Amino acid sequence: MSLDTPKFSELDAMYDVENAKVATEMYEDPALFKEEMDKIFKKTWVFVAHESEFPDKGSFKLSHVGLDPVIVVRDRKGTIHCMVNRCRHRAATVCEVKKGKTSSFQCPYHGWGYGLDGSLRAVPYPEQYGDDFDKSQHGMLKLRTESFEGMVFATFNYDAEPLVDFLGPEVCRYMTLFMKQGGGFPVKVIGEHQFSVPMNWKVQLENTTDAYHFPIVHKSFMQTLDEKTEDLFAFMDKNEGWVEDLGNGHSIMMMMPSREDLDERMDDPIEPRFEWLAEEIRKEGYSEEQVKRIVLAVGGPGFNMNLFPNVSFSLSFFRVLTPVSVDQTDIRHMALGMDGGPQIANQTRLRLHEHFQGPMGFGSPDDAEVWERVQRGTQGGEELKILVNRGMVDEEPGVMGPRGHVSAETGMRAAYGMWKRMMDEGANDV
Amino acid sequence: MFDTSTSSTDLLTEVTAFLWKEADILDRKAYDAWLELWLTEGLYILPMGDGEDYENQLNLCYDDDKMRRMRIDRFNRGFSISSAPAADTVRTVSRIVIDSVDGEAIKVRAAQHVIEDKFGRQRIWAADVFFTLKKTEDGFLIERKIAKLLNSGGMLNSFSYLF
Ligand code: FES
Ligand SMILES: [Fe+2]
């Protein structure tokens, strides 16, 4: 054990579990941010890409694991690799194309060449390195990579538990249910909105299973919906839904329990708002059963799920956060479609996504505004606490952890509980 | 050669006056007046990246008449926290080029620079703007407007105003 006291051994002051109070420094302290990058983003599974974004052998995309820029790529055998986008010679990025297809990566500076698995293949004019230069010791820095339901996660931590253990059985079950919005086709990423927000990453981590903000922040979105759809989003008033801690910092917000499993809605009549769409799909020769399944899929499932630390499933899209600095976070909203499904269905999904999401959506800009307001607000009253205690009054035990009212802050407590566990690990190591 | 009765210089002057009028309306956020500049079948699109199959790709916005009106309604009603108040903007439109004139339809492209200010923080945005204008008895109306932001397919911020 070293004599240095770990700087944030006072974790109880950062997050008071019993009273569910978060310290202001959690959003504001640059040293704490740095420690989070080491103890969380370098230690656990981080979402990097969906398999449909790089579907072929040799296709790749750039992503991040915490602050580290990475390349996610499929080799000739279809195996997925993830490595830090940095040449082992003098650190130049080996790739600046966001997405594409290649047979190898060549550093633009002195020409070191890497295979799709990150191994060093070629060094121009190698003589000056001498005979004992070992290429196998100079491959790109590799991360461990595992997938579930097409979602690719990577970690720097070779001792981390298997991905599915980290996700846990309930998250895995809900992920499978979420993917039913493929409507019988594989789920495919069909575009993504990206916007950067001056906020700490945890402000975002709190948000995806926060139903409490919805009727306030998204009132102007609700006002643009027809009555039936507006009713669908009125989950706060109905008291049917719930929020549940799913273990390891993950949580689910079930807004429309009737849409937990889309297959169970197959006997329902088609929603009036999608009658026209059903008609269009029928015209393309799909069976009535398929028409139903596809139209249900367009409507999406009825829940949001947040995975610690950086990805969430939000009704019909993926939301990914990338921490940039203590008060800056990049957000990506990935639109999902049906790979090989009817064009009109995918067009409808695109238009629905544009309606709410992204820099000019009717929802995201209002989210971004309030997130920034949190960051601005925490510049004052440092001694005050952020309250995440809503709904503790009547929480009950769920399958994996506590379950509360749909507007309870159970999801935030789950995330902060995990945050504390991870920040505590290794506190007494050398 | 332009198959129109006016000379190309006159046409450029008329088109420029229209584009400047629109820019002024947008900076003043006189959105009801902006809606008046459109043909009902008009499309207002902010694409992402280089693709041009706007209907089949994800855009920042893809507004037909209905979406356009809802967007403006949302701005006007005052319930959207990001647009109440919205960022202030000052924009210039320049480098106006008339690409083609086909009967009443005129294709124009221009550069647009927008500086926004909110919370005392200023951001700069640049866009290539492509218009299809229709000459009518009441002057020009917009049939199509496509604003391609620089880095449109990359990391942006959220917008509480129009380009
Ligand atoms: S930095 Fe990559 S080859 Fe020199
Ligand atoms: Fe929201």
Side-chain angles (χ1 to χ4, degrees), chain A residues 62 98-99 189-198 213 215-226 317 322 324 328-337 343-344 346-355 357-373 375-376, chain B residues 43-51 53-64 66-87 114 116 118-123 125 127 147-163:
Chain A
L62 301 185
K98 285 178 195 158
K99 220 169 164 182
V189 174
I190 51 176
E192 65 176 356
H193 286 133
Q194 303 182 63
F195 54 104
S196 192
V197 185
H213 84 286
I216 314 296
V217 172
H218 301 306
K219 189 180 173 79
S220 78
F221 164 75
M222 301 273 282
Q223 286 169 335
T224 64
L225 303 176
D226 59 69
F317 68 102
T322 308
V324 176
Q328 194 73 36
T329 305
D330 288 347
I331 303 293
R332 292 187 285 149
H333 285 177
M334 299 159 101
L336 306 176
Q343 192 177 38
I344 185 71
N346 283 329
Q347 281 176 3
T348 309
R349 293 278 292 190
L350 288 165
R351 299 294 90 80
L352 288 169
H353 193 83
E354 288 157 358
H355 188 160
Q357 314 301 340
M360 292 195 77
F362 291 10
S364 303
D366 294 327
D367 277 324
E369 172 90 11
V370 292
W371 298 337
E372 181 174 3
R373 295 278 281 267
Q375 197 70 33
R376 291 172 68 78
Chain B
L43 280 177
Y44 172 59
I45 305 170
L46 267 91
M48 288 189 299
D50 298 325
D53 183 6
Y54 307 122
E55 202 178 2
N56 289 303
Q57 72 188 36
L58 188 68
N59 307 288
L60 297 172
C61 87
Y62 182 94
D63 285 5
D64 57 10
K66 187 178 167 213
M67 271 299 278
R68 212 157 41 235
R69 286 177 191 282
M70 287 202 297
R71 188 178 296 280
I72 297 314
D73 193 41
R74 176 172 168 275
F75 282 160
N76 286 344
R77 282 217 229 176
F79 287 108
S80 154
I81 182 73
S82 61
S83 42
V114 179
E116 62 150 90
K118 184 154 189 177
F119 301 140
R121 173 198 55 218
Q122 297 190 352
R123 290 173 173 150
W125 303 98
K148 288 191 180 179
L149 288 172
L150 285 185
N151 191 38
S152 63
M155 196 58 68
L156 302 169
N157 296 111
S158 54
F159 301 118
S160 54
Y161 51 87
L162 302 179
F163 287 93

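No experiment lies behind these values; they were computed from the predicted model shown. All values below come from the heavy atoms of this structure, side chains included, with hydrogens, waters and symmetry mates left out. Labels below follow one simple rule: chain letters A, B, ... track the order of the sequence lines, proteins then strands, and each chain is numbered from 1.
Of all the heavy atoms in I81(B) and D366(A), the pair that sits closest is N-OD1, 3.4 Å.
Between the Q194(A) side chain and the G153(B) main chain, a donor and an acceptor come within less than 3.5 Å of each other. A donor-acceptor pair under 3.5 Å is absent between the side-chain atoms of H193(A) and the main chain of M155(B), judged by distance alone. Although no hydrogens or angles enter the test, the distance criterion places no donor-acceptor pair under 3.5 Å between the side chain of R74(B) and the main chain of T224(A).
Contact of E372(A) with chain B is made through the side chain alone, with heavy-atom distances under 4.5 Å. Using a 4.5 Å cut-off between heavy atoms, H355(A) contacts chain B through both its backbone and its side chain. Residue F75(B) does not touch chain A at all, counting heavy-atom pairs closer than 4.5 Å. Contacts of R349(A) with chain B are absent, with no heavy-atom separation under 4.5 Å from either backbone or side chain. Contacts of S80(B) with chain A are made by both backbone and side-chain atoms, with heavy-atom separations under 4.5 Å.
When only modelled atom types and interatomic distance are considered, S196(A) and N157(B) share no side-chain donor-acceptor pair under 3.5 Å.
Looking at residues two or more places apart in sequence or on another chain, you find no side chain to side chain contact (heavy atoms under 4.5 Å, CB included) involving D50(B).
Relative to the ring axis of Y62(B), R351(A) places its NZ or CZ within 45° and under 6.0 Å from the centre.
In this structure, CE in M360(A) is found 5.0 Å from CZ in R71(B), a value given to the nearest 0.5 Å.
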